[in-house]
Amino acid sequence: QVHLVESGGGLVQAGGSLRLSCAASGRSFDTYSMAWFRQAPGKEREFVGGMSWSGGRTNYADSVKGRFTISRDNAKNTVYLQMNNLKPEDTAVYYCAARQYGTSGTNWHYWDYWGQGTQVTVSS
């Protein structure tokens, strides 16, 4: 089992950058595939990007490709989401998710563990 805690959210102007972190407690972090989702008010939770447990595969939503990058530091039990060139439509609560082994699924039902979320607000 793994416990996830996100941090790094905040208020930023359009065109700016933020880096979100997701710290995992528990054992064998390097056996967990990780992903980021987001949910804006009144909208469904949507996939942002993910990374397989081996680190060999990453995938992103079309809306963030070229702007967002996922990385992980297994020594620190942490996964990151670097967000550049932020747009007002990126405003949402961002969630970290984990699943042992597997791959980087885009459906939120696929993931077993979730953090509490961190708010990202992009002003125009």
Side-chain angles (χ1 to χ4, degrees):
Q1 192 164 353
V2 64
H3 180 63
L4 306 173
V5 178
E6 302 97 333
S7 62
L11 174 64
V12 64
Q13 289 188 332
S17 298
L18 281 175
R19 189 177 79 156
L20 305 184
S21 299
C22 173
S25 62
R27 298 166 60 181
S28 304
F29 175 72
D30 58 351
T31 67
Y32 284 83
S33 294
M34 304 297 296
W36 289 92
F37 284 75
R38 66 187 181 187
Q39 189 166 19
K43 294 188 176 181
E44 293 189 355
R45 191 168 297 191
E46 66 171 352
F47 176 80
V48 173
M51 175 177 281
S52 62
W53 65 274
S54 66
R57 179 175 183 264
T58 56
N59 55 326
Y60 298 92
D62 288 342
S63 58
V64 307
K65 278 182 183 176
R67 300 189 298 124
F68 291 10
T69 303
I70 291 175
S71 61
R72 65 191 296 162
D73 185 339
N74 288 338
K76 295 182 178 180
N77 281 15
T78 301
V79 64
Y80 304 97
L81 181 67
Q82 178 66 45
M83 305 185 295
N84 298 328
N85 190 21
L86 282 160
K87 304 176 181 180
E89 52 263 43
D90 294 319
T91 295
V93 177
Y94 283 70
Y95 298 91
C96 175
R99 177 185 173 105
Q100 195 167 28
Y101 296 116
T103 183
S104 175
T106 60
N107 190 313
W108 70 269
H109 295 280
Y110 177 84
W111 299 89
D112 296 321
Y113 303 101
W114 293 87
Q116 83 290 347
T118 186
Q119 176 71 47
V120 172
T121 303
V122 184
S123 62
S124 57

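- Residues M34 and V64 fall within the same hydrophobic cluster, defined by Ile, Leu, Val, Met, Phe, Trp and Tyr side chains chained together at heavy-atom separations under 4.5 Å.
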Apply side chain to side chain contact (heavy atoms under 4.5 Å, CB included) to residues Q82 and S71 and explain how you reach the verdict. CA-CA 8 Å; Q82 178 66 45; S71 61; over 6 Å; no
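- Contact detail for R45 and F37: the closest heavy-atom pair is CG-CB, 3.8 Å.
- In this structure, Q116 and L4 approach most closely via the heavy-atom pair OE1-O, 3.8 Å.
- Interatomic distance, S28 OG to Q1 CD, rounded to the nearest 0.5 Å: 13.0 Å.
- Here the closest heavy-atom approach between residue N84 and residue S17 is recorded as OD1-OG, 3.0 Å.
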Between F68 and W36, does the side chain to side chain contact (heavy atoms under 4.5 Å, CB included) criterion hold? Intermediate values first, please. CA-CA 11 Å; F68 291 10; W36 289 92; over 6 Å; no
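- Shown here are the side chain to side chain contact (heavy atoms under 4.5 Å, CB included) partners of T58, two or more places apart in sequence or in another chain: M51, Y60.
- A distance of 9.0 Å separates OG1 in T118 from CG in L18, rounded to the nearest 0.5 Å.
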Start with the C-alpha gap between S21 and S7, add the side-chain angles, then the distance that decides, and say whether side chain to side chain contact (heavy atoms under 4.5 Å, CB included) holds. CA-CA 5 Å; S21 299; S7 62; 3.7 Å; yes
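- Looking at every heavy atom in both residues, G9 comes nearest to V120 through CA-CG2, 4.1 Å.
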Please determine whether side chain to side chain contact (heavy atoms under 4.5 Å, CB included) holds for the pair V79 and I70, giving the CA-CA distance in whole Å, both sets of side-chain angles, and the decisive distance to 0.1 Å. CA-CA 7 Å; V79 64; I70 291 175; 3.9 Å; yes
When the side chains of residues 88-101 are checked against the rest of the protein, which donor-acceptor pairs come out under 3.5 Å, sequence neighbours left out?
unit_1 : atom_1 : unit_2 : atom_2 : d
D90    : OD1    : R38    : NH1    : 2.9
D90    : OD1    : R67    : NH2    : 3.0
D90    : OD2    : R67    : NH1    : 2.8
D90    : OD2    : R67    : NH2    : 3.4
D90    : OD2    : K87    : N      : 2.8
T91    : OG1    : P88    : O      : 2.9
T91    : OG1    : V122   : N      : 2.9
T91    : OG1    : V122   : O      : 3.4
Y94    : OH     : R38    : NH1    : 2.9
Y94    : OH     : D90    : O      : 2.6
R99    : NE     : Y110   : OH     : 3.4
R99    : NH1    : Y110   : O      : 2.7
Q100   : NE2    : T31    : OG1    : 3.0

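- Residues satisfying the salt bridge (charged side-chain N to carboxylate O under 4.0 Å, His left out) test with K65, not counting sequence neighbours, are D62.
- Both the sub-6.0 Å distance and the 45° axial angle are satisfied by R19 relative to the ring of Y80.
- Annotation: the span from T78 atom OG1 to E6 atom CD amounts to 11.5 Å, rounded to 0.5 Å.
- The two residues A14 and S124 make their nearest non-hydrogen contact at CB-CA, 4.4 Å.
- With sequence neighbours left out, the side chain to side chain contact (heavy atoms under 4.5 Å, CB included) criterion links T106 to F47, N59.
- S123 meets the side chain to side chain contact (heavy atoms under 4.5 Å, CB included) test with L11, Q13; sequence neighbours excluded.
- Shortest non-hydrogen contact noted between F29 and N77 is CB-OD1, 3.4 Å.
- If you check the side chains of T103 and R57, you find a donor sitting under 3.5 Å from an acceptor.
- Considering only residues two or more places apart in sequence or on other chains, W108 meets the ring-ring contact (aromatic ring centres under 6.0 Å, His included) condition with none of them.
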